[in-house]
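Some notes on the structure that comes next.
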Protein chains: 2
Amino acid sequence: MSKRSSVTLKGLAQELGLSPSTVSRVLNDAAGEESRWASPETSRRILALAHEVGYAKNPYAASLRTARSRLIGVVVPRLQDYVLATIYEGIDEAAAEHGYVAVVANSLDNPDSHEARVRKLMDRRIDGLILGDTPFDGSTLTAIEGEGVPFVLVNRRSPGYPSVTCNDYLGGQLAGEHLAGLGMERIFLLAGKDRMSTSIDRTAGFTERLAEHGIHVPAEHIATGGFDAEAGEEATRRLLDTVGVPDALFAVNDFAAIGALGVLAERGLSVPDDVRIVGYNDTPLASGVGLTTVRSPMHQIGRQGLELLLERMDGKDVESRQLDPELVVRTSA
Amino acid sequence: MSKRSSVTLKGLAQELGLSPSTVSRVLNDAAGEESRWASPETSRRILALAHEVGYAKNPYAASLRTARSRLIGVVVPRLQDYVLATIYEGIDEAAAEHGYVAVVANSLDNPDSHEARVRKLMDRRIDGLILGDTPFDGSTLTAIEGEGVPFVLVNRRSPGYPSVTCNDYLGGQLAGEHLAGLGMERIFLLAGKDRMSTSIDRTAGFTERLAEHGIHVPAEHIATGGFDAEAGEEATRRLLDTVGVPDALFAVNDFAAIGALGVLAERGLSVPDDVRIVGYNDTPLASGVGLTTVRSPMHQIGRQGLELLLERMDGKDVESRQLDPELVVRTSA
DNA sequence: TCGATTGCCACAAACGTTTGTGTAAAGTGA
DNA sequence: TCACTTTACACAAACGTTTGTGGCAATCGA
């Protein structure tokens with residue numbers, strides 16, 4: 001396994017008494033030994049030697065020549081977030097299957113940081129870009145459009161751009177239906193960041209479905225903020241302090257729901273007896289704490305995001321995809 | 001912002017009436033306008049035009065020439081794991097500061113997958129490698145050594161290799177001391193994966209400190225398994241079923257601790273009244289559920305890991321670093 | 001039988017940098 | 001003043017691929 005990085009195409013060709021061009025064509029032909037670029041015998045010799053010495057093509061030379069990097073960039077708010085990490089895993093997995101490698105960057109949902117990260121990826125000459133941090137209004141997208149790099153959105157959608165997301169409106173409806181079915185009336189809603197489609201759609205689906213059951217969620221019962229446990233705690237505390245104890249609470253994110261769980265326990269309120277809770281995403285911890293939640297196909301969102309991007313890179317025009325979530329009922333509601 | 005990818009060094013030079021060599025030297029000189037490669041006036045013109053047209057060097061041409069990619073590879077068991085995601089954030093952040101970009105891959109703690117991922121990174125001609133998935137016996141390292149790519153370990157150590165880790169032995173001691181101080185005697189230990197230094201060291205520190213207090217943790221009170229919530233649940237259930245209810249439980253990972261929390265609740269056991277629990281890492285959820293835990297400097301481990309790698313890449317010989325954890329006491333113990 | 005096709009391969013240019021070397025002009029010291 | 005160093009650049013080769021073009025022999029069709 002010695003320094004295979006030092007053996008070049010030219011070296012191989014010399015060793016074989018062939019020209020680099022022939023070796024290159026055979027090695028790049030998916031047909032392998034049946035390559036139409038050389039005789040079967042020659043093809044076999046090329047493949048054999050390449051394998052024997054562990055030849056690995058220099059991707060920089062290739063990219064320089066072809067002007068394609070086989071790199072795809074991914075930007076997410078934070079990799080620490082289980083949801084995005086899982087989506088990224090899906091992207092990475094699918095990218096590998098297609099011979100691409102994914103490079104990821106955190107934008108922290110901060111426009112300046114986003115801009116800097118995207119620029120850095122562009123400088124690396126990525127062939128395509130997957131954005132996981134786009135607000136509903138698409139405001140971070142204008143600069144990217146001019147660059148000529150194909151991109152798609154994942155997790156969060158923005159009208160007019162191709163994206164693959166969970167059908168969050170449906171997810172919200174599922175949660176609403178469940179709580180309505182349980183006879184809940186006074187309901188809190190931890191709505192997450194109000195500029196993101198995940199929040200907007202889940203909230204809309206939830207409240208509208210409840211409305212169909214004659215249940216109204218007043219504005220003072222809705223708290224916006226973040227998607228993490230801390231934000232969930234804060235929001236719950238605030239709601240509890242200002243409007244008292246509800247029948248139930250829907251958090252558009254499991255982590256926020258778990259934060260709420262903690263605060264409720266701290267106040268001596270029992271779940272589900274005093275308050276019922278439903279979360280969103282079905283992260284592993286949800287099952288640990290018995291949280292009823294809406295399962296979103298995170299891994300699939302990533303995989304399909306990559307595939308959608310590939311199609312766009314092929315010049316096809318594509319349309320957005322919405323993947324259906326399902327409700328998983330546990331002990332919290 | 002139009003297609004800055006199309007403006008080349010040669011183009012710049014032509015525009016300026018200079019040779020590409022001069023432009024290249026000035027642009028690469030950290031001294032900026034005071035570059036010793038051209039007159040101040042010329043330097044200024046170069047920088048100005050480069051900025052104006054948004055010139056971005058083609059990294060492939062540069063890498064081809066220099067045989068350095070300014071890419072560093074990172075392999076972790078799973079990015080879904082909050083701990084590793086945070087370490088990676090630290091690596092990524094530090095890498096960016098030093099002009100490198102980090103590329104991450106998941107090995108899933110599977111040797112075959114590990115091998116494949118490392119190879120793929122090597123094929124990309126990374127300048128250095130950071131491994132976050134190395135077992136204590138270093139068995140995954142042998143193939144890498146021959147490749148001539150400098151590497152360091154993070155999070156998990158292995159004797160004889162440079163690494164930056166949490167001082168896990170100390171962390172175990174902290175937990176042991178705390179529980180001993182509380183008068184606990186019958187203690188369960190969720191030890192994680194038994195081939196990893198994180199498990200080994202935390203377990204050793206914990207049991208040895210308890211031993212100093214005259215407390216013995218018998219083998220039947222120790223469960224090995226994984227680091228996640230599910231593994232924590234399983235292990236706890238098993239221990240509860242076979243040896244009854246303990247005074248306290250130490251999990252070498254917060255997620256396992258949270259899993260334990262769930263099972264205890266499910267059995268009607270109260271925390272901390274019936275059973276006290278301490279976890280490890282201080283992940284955000286820990287504060288949400290009031291978990292007493294050992295805080296490990298994850299982000300710092302990542303940052304210092306990158307810096308250690310840089311030193312190794314400089315040819316210096318380096319020694320491993322251990323960062324001190326601290327106990328954070330909440331309501332669970 | 002002859003012209004056309006096909007199979008198999010080599011030549012050489014190009015991708016955009018970096019860097020060793022060369023060279024005039026300007027500056028320096030004695 | 002002269003020998004010298006320094007300043008400020010230019011020239012050109014090289015990094016390792018990919019790919020358009022071209023050529024020669026064998027095969028084919030009629």
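All chains are named by letter (A, B, ...) in the order of the sequence lines, taking the proteins before the strands, and each is independently numbered beginning at 1.
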Subject >> Considering all heavy atoms, the nearest B/Gly73-B/Ile126 contact >> reply: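 Nearest heavy atoms, B/Gly73 then B/Ile126: N-CG2, 3.8 Å.
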Subject >> Heavy-atom closest pair, residues A/Asn106 and A/Ser113 >> reply: O-OG, 3.8 Å
Original post:
So, do A/Tyr100 and A/Leu306 sit near enough that their side-chain heavy atoms are less than 4.5 Å apart?
Top reply: no
**OP:** Using a 4.5 Å cut-off on heavy atoms from C-beta on, say whether the side chain of A/Ser69 contacts that of A/Arg124.
**Re:** no
OP1 or OP2 of [N] under 4.0 Å from side-chain N/O of [X]:
X       : N      : answer
A/Ser24 : D/dT19 : no
B/Thr22 : D/dA10 : yes
B/Tyr55 : C/dT17 : yes
A/Ser19 : C/dA10 : yes

To the nearest angstrom, how far is [X] atom [atom1] from [N] atom [atom2]?
X       : N      : atom1 : atom2 : value
A/Leu64 : D/dT17 : CG    : C1'   : 8 Å
B/Lys57 : C/dT17 : NZ    : P     : 8 Å
A/Arg68 : C/dG16 : CZ    : P     : 16 Å
A/Arg36 : D/dT19 : CZ    : P     : 12 Å
A/Lys10 : C/dA12 : NZ    : C1'   : 12 Å
B/Ile46 : D/dC9  : CD1   : P     : 8 Å
A/Asp29 : C/dG7  : CG    : P     : 14 Å
A/Gln14 : C/dA10 : CD    : P     : 12 Å

Original post:
Any N or O donor-acceptor pair linking the side chain of A/Ser21 to the base of C/dC11 at under 3.5 Å?
Top reply: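 Donor-acceptor pair under 3.5 Å: yes.
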Subject >> C/dG7 base / A/Arg25 side chain donor-acceptor hit below 3.5 Å >> reply: no
For [X], report the nucleic acid contact type (base, sugar-phosphate, nothing); a contact means any heavy atom under 4.0 Å.
X       : result
B/Gly11 : nothing
A/Ser63 : nothing
A/Thr66 : sugar-phosphate
B/Ser39 : sugar-phosphate

**OP:** On the 0 to 90° scale, with breaks at 30° and 60°, tag the A/Phe151-A/Tyr161 ring pair as parallel, tilted or perpendicular.
**Re:** tilted
Original post:
Starting at the 5' end of DNA chain C, which residue's closest nucleotide do you reach first, B/Ala61 or B/Trp37?
Top reply: B/Ala61
**OP:** Name the residue closer to the 5' end of DNA chain D, choosing between B/Pro40 and A/Pro20 according to the nucleotide with the nearest heavy atom.
**Re:** B/Pro40
